[in-house]
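Proteins come first, then strands; the chains are lettered A, B, ... in the order of their sequence lines, and each starts at number 1.
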Protein chains: 2
Amino acid sequence: MSEITIVEIARRCGVGVSTVSRAINNHSDINPETKKRIMEVIRETGYIPNNSARNLKRTDAKCIAVLVRGITNPFFAPMIEVVEKEVEERKYALVMRHVESHEDEVDVALELEKEKRLRGIIFMGGAAKHSAEKIKQLSVPVVFATIGSDIADDLSRNEYSTVSVDDEKESFKVVEYLIGLGHKKIAILTEGSDTPSIVKLRLKGYLGALEKHGIKPDEKLIRYVDRRIYTFSNGYDTTKALIESGEKFTALYCISDVLAVGALRALADSGIKVPEDVSVVGYDGQEIAEYCVPRLTTLRQPMVDISKEAMKLLFSIIDKESGHKHIVFPGELIIGESTRKIK
Amino acid sequence: MSEITIVEIARRCGVGVSTVSRAINNHSDINPETKKRIMEVIRETGYIPNNSARNLKRTDAKCIAVLVRGITNPFFAPMIEVVEKEVEERKYALVMRHVESHEDEVDVALELEKEKRLRGIIFMGGAAKHSAEKIKQLSVPVVFATIGSDIADDLSRNEYSTVSVDDEKESFKVVEYLIGLGHKKIAILTEGSDTPSIVKLRLKGYLGALEKHGIKPDEKLIRYVDRRIYTFSNGYDTTKALIESGEKFTALYCISDVLAVGALRALADSGIKVPEDVSVVGYDGQEIAEYCVPRLTTLRQPMVDISKEAMKLLFSIIDKESGHKHIVFPGELIIGESTRKIK
DNA sequence: TAGAGCTATGGAAACGTTACCGGTAACGGT
DNA sequence: ACCGTTACCGGTAACGTTTCCATAGCTCTA
């Protein structure tokens, strides 16, 4: 443990601690020569100011936190790029935190808030419901990105912001597109956890579209992936199981592109041709959709727009130029090569 | 800003601050009833201990830091899973930090070290060379995962650990495999930055294999991707350029699976069949390699083993059960469907 | 019954910074 | 010769914790 402190530096330089502090934080009231001498000593001793002590005193550090559940999901990559750029532009510090599977993102935020002098928080991914009580404890503005506005029913909607697509509506659109192609036996790969989430909305959209067109939903065509984390293999296994169950289906709707890629492979391995035998559609519009074979039809969420808007909104709330809002972006159905009219 | 402090809690409860502290940290010397009363007040006021102040005093918090350059790269996903599990098992706290493109990971570590009471640091990804001077400033054990042992020539090898594959040797193996299939015109997609990195080693392995088999390397077949971040589109564009240059090649070696996936698409778009016309091989052994069409031949790094070993090693160094080491795992050539004997 | 040994508590000194408040010296202008 | 500035700098009080030490009230035991 580097035991050396600002006091030690001051002693070695034969100056007062405040002078050292001034040197470090390049304040004005200091002789350039003294400063040089001090910096010299600092460099050669390898002294680093203790941040805890700093934060304890300081009150002006401008910092925003971004908490991402499942930061390794490539879905977030373009969003994170935007965030980094935006934050740097405004001269804020950024702390990006991956929230682990067993952690509660709001708890993490709560902790972070005391540790750093946060000015705002952005949540990405994660559960769509949170305890209103907890969110209220957060004393800085909060915006949820990619998660719709019904995060906590019992929480006044103007205590937090959301920027997202309308998952139910977009999902509806996707399924209606498939129906328009003549599909009636449409299977869906979705997530089984019972925590309320955006995924539930996608399922709702699916059911809604079927209903509107008088197609009776078939329990057996609704498949749940095992784990909450989306992986190719998860999509693969679930699709395999679906195929082996012998249920007939002509289209497969995966609520995430990652699952869809796994599904494509499973279908191919079983000798089922896409799109000749089965049409496949994904959701999210990740980069991979363009690169798989066949190119995946998917619902693109405007990730960049969402994150840009989330940042803009957060900053304007911080600057009191705006109150909380709930912004909905339209999704875009990208037609790839994985879907076609039914024969 | 939640202005309420431990003093305030003490005041409201009519007890001393030390008693409150005892309650919070569930120490033994406290009347259960007092404790209950205090906890009650804490809950209803929403008080959260200030972590900066805490860390300033505390000296026993067991915490390890994991710094990942490009945490959104799916390559790290399985490694991060391991880390989380391992850390939790040992009852350490974990701070996982994404290091941004413009940051220096050692600087970030240095800062973190003062902020938290770190016991150890793991670096994943990132540059393969660091200033020895800086690394020495780190006062806790450091292990680099996926980065070989020549991180800083001028630094004594027993001041840090590494766990990785031998990138040069594995790369050699890959190219030799292609040569064994009869390929002579082997193009490579690599990275152009001049910061020393593991990628350089892979290029070296490529050149070495060619030389050993008496094949003269062709400048025009060595292609550099634009940006340091690997993306599908980066692989796509660079491959497109290669194809359009008219250079003849029968095999394409991409130093990352991500690039390879982009390459596959570019080849397909140009009507070049894989593996009939061109063999393609990747590197890393990411999950995607198994799911693309055709399945990618790739060099699998044992990500899970590497990260497990890295954790084990770090902990044993922390516990003084071991000194620094440099562990090399063998890679494994996974034969997919993207390579074949030349006609 | 005096002292020893608990249990539960409060007081206060750190931890390493920063920021405010003064103080000294030098210097120029009247 | 005096005063007002200015340029530097040092001392010290916070910041919110934890931890050591002291103490008060007990219960035991010899």
Side-chain angles (χ1 to χ4, degrees), chain A residues 1-39 41-42 45-63 110-118 139, chain B residues 1-39 41-42 45-63 110-118 139:
Chain A
M1 208 68 73
S2 123
E3 297 293 3
I4 129 163
T5 75
I6 197 174
V7 178
E8 177 63 15
I9 299 290
R11 202 187 55 72
R12 291 199 196 201
C13 296
V15 300
V17 293
S18 25
T19 306
V20 178
S21 177
R22 270 186 284 257
I24 296 170
N25 305 66
N26 29 281
H27 276 246
S28 44
D29 266 9
I30 189 171
N31 186 322
E33 218 153 299
T34 328
K35 178 169 171 181
K36 214 179 99 196
R37 213 176 71 237
I38 293 174
M39 290 318 259
V41 174
I42 287 181
T45 53
Y47 161 76
I48 298 173
N50 179 315
N51 240 313
S52 295
R54 247 185 189 177
N55 289 327
L56 193 52
K57 279 294 303 182
R58 272 205 178 139
T59 183
D60 63 324
K62 290 160 63 174
C63 180
L110 245 11
E111 189 189 323
L112 228 46
E113 195 177 67
K114 301 294 288 195
E115 208 164 313
K116 315 262 181 188
R117 300 290 188 177
L118 295 190
S139 49
Chain B
M1 208 68 71
S2 120
E3 299 293 2
I4 131 162
T5 76
I6 198 175
V7 178
E8 176 63 15
I9 299 289
R11 202 187 54 73
R12 292 199 196 200
C13 297
V15 300
V17 293
S18 28
T19 307
V20 178
S21 176
R22 272 186 284 256
I24 295 170
N25 304 65
N26 32 281
H27 277 245
S28 43
D29 264 12
I30 188 171
N31 186 322
E33 218 153 296
T34 325
K35 179 169 172 182
K36 216 179 100 199
R37 212 175 72 238
I38 292 174
M39 291 318 260
V41 174
I42 286 181
T45 54
Y47 160 76
I48 298 174
N50 178 316
N51 240 313
S52 294
R54 238 181 196 182
N55 289 328
L56 192 54
K57 279 297 301 181
R58 270 207 179 137
T59 186
D60 66 322
K62 291 160 62 174
C63 179
L110 245 10
E111 188 190 323
L112 228 47
E113 194 176 67
K114 301 295 288 194
E115 207 164 312
K116 315 263 180 186
R117 300 291 188 179
L118 295 190
S139 49

Please check this pair: side chain of N31(B) against backbone of E33(B), looking for a donor-acceptor N/O pair closer than 3.5 Å. yes
Grab the CZ-C1' distance between R22(B) and dT7(C) for me, whole Å please. 11 Å
Phosphate OP1/OP2 of dT18(D): any R54(B) side-chain N/O under 4.0 Å: yes
Just the rounded figure in Å: distance from P of dC6(C) to CG of D29(B). 12 Å
Starting at the 5' end of DNA chain D and moving along, which residue's nearest nucleotide shows up first, V7(B) or K35(A)? K35(A)
When rounded to the nearest 0.5 Å, the distance separating CD1 of I4(B) from CG of N50(B) is 12.5 Å
Taking 4.0 Å as the cut-off, does a side-chain nitrogen or oxygen of H27(A) come that near to OP1 or OP2 on dA19(C)? yes
K57(B) NZ to dT18(D) P: how many Å, rounded? 10 Å
Measure from CG on N55(A) to C1' on dT17(D) and round the result to the nearest Å. 14 Å
So, does N50(B) get its side chain near the phosphate of dC15(D), meaning an N or O under 4.0 Å from OP1 or OP2? no
Taking only nitrogen or oxygen atoms into account, show me every contact under 3.5 Å that the protein makes with nucleotides 24-27 of chain C, one pair per line with its distance.
none

Y47(A) to T5(A) - nearest heavy-atom pair and separation: CE1-C, 3.6 Å
Quickly work out the L56(B) CG to dG16(C) C1' distance and round it to whole Å. 5 Å
Let me have the donor-acceptor pairs involving side chains of residues 9-24 of chain B, under 3.5 Å, with sequence neighbours excluded, atom names and distances please.
| residue | atom | partner | partner atom | Å |
| --- | --- | --- | --- | --- |
| R11(B) | NE | E8(B) | OE1 | 3.4 |
| R11(B) | NH2 | E8(B) | OE2 | 2.9 |
| R12(B) | NE | E8(B) | OE2 | 2.9 |
| R12(B) | NH2 | E8(B) | OE2 | 3.4 |

Which value, rounded to the nearest 0.5 Å, describes the distance between K57(B) atom NZ and L56(A) atom CG? 12.0 Å
Length of the line joining R37(A):CZ and dC9(D):P, which is rounded to integer Å: 8 Å
Grab the CD1-C1' distance between I6(B) and dC15(D) for me, whole Å please. 13 Å
The nucleotide from dT17(C), dC9(D), dA14(C) with an atom nearest the side chain of I30(A) is dC9(D)
Whichever of A53(B) and V20(B) has the more 5' nearest nucleotide on DNA chain C, that residue is V20(B)
Taking OP1 and OP2 of dT18(D), is either one under 4.0 Å from a side-chain nitrogen or oxygen of S21(B)? yes
Roughly how many Å is it from CD1 in I24(A) to C1' in dT17(C), rounded to a whole number? 9 Å
Enumerate the residues from residues 12-19 of chain A whose closest heavy atom to DNA chain D is under 4.0 Å, giving them by residue number; use none for an empty result. G14(A), V15(A), G16(A), V17(A), S18(A), T19(A)
Check whether any side-chain nitrogen or oxygen of N25(A) sits under 4.0 Å from OP1 or OP2 of dT18(C), and answer yes or no. yes
By the 4.0 Å heavy-atom rule, please label T34(A) as base, sugar-phosphate, or nothing. sugar-phosphate
Apply side chain to side chain contact (heavy atoms under 4.5 Å, CB included) to R54(A) and N25(A), showing your working. CA-CA 11 Å; R54(A) 247 185 189 177; N25(A) 305 66; 3.9 Å; yes
Considering the terminal five base pairs at each end of the helix from dT1(C)-dA30(D) to dT30(C)-dA1(D), what angle separates the two local helix axes, rounded to 10°? 60°
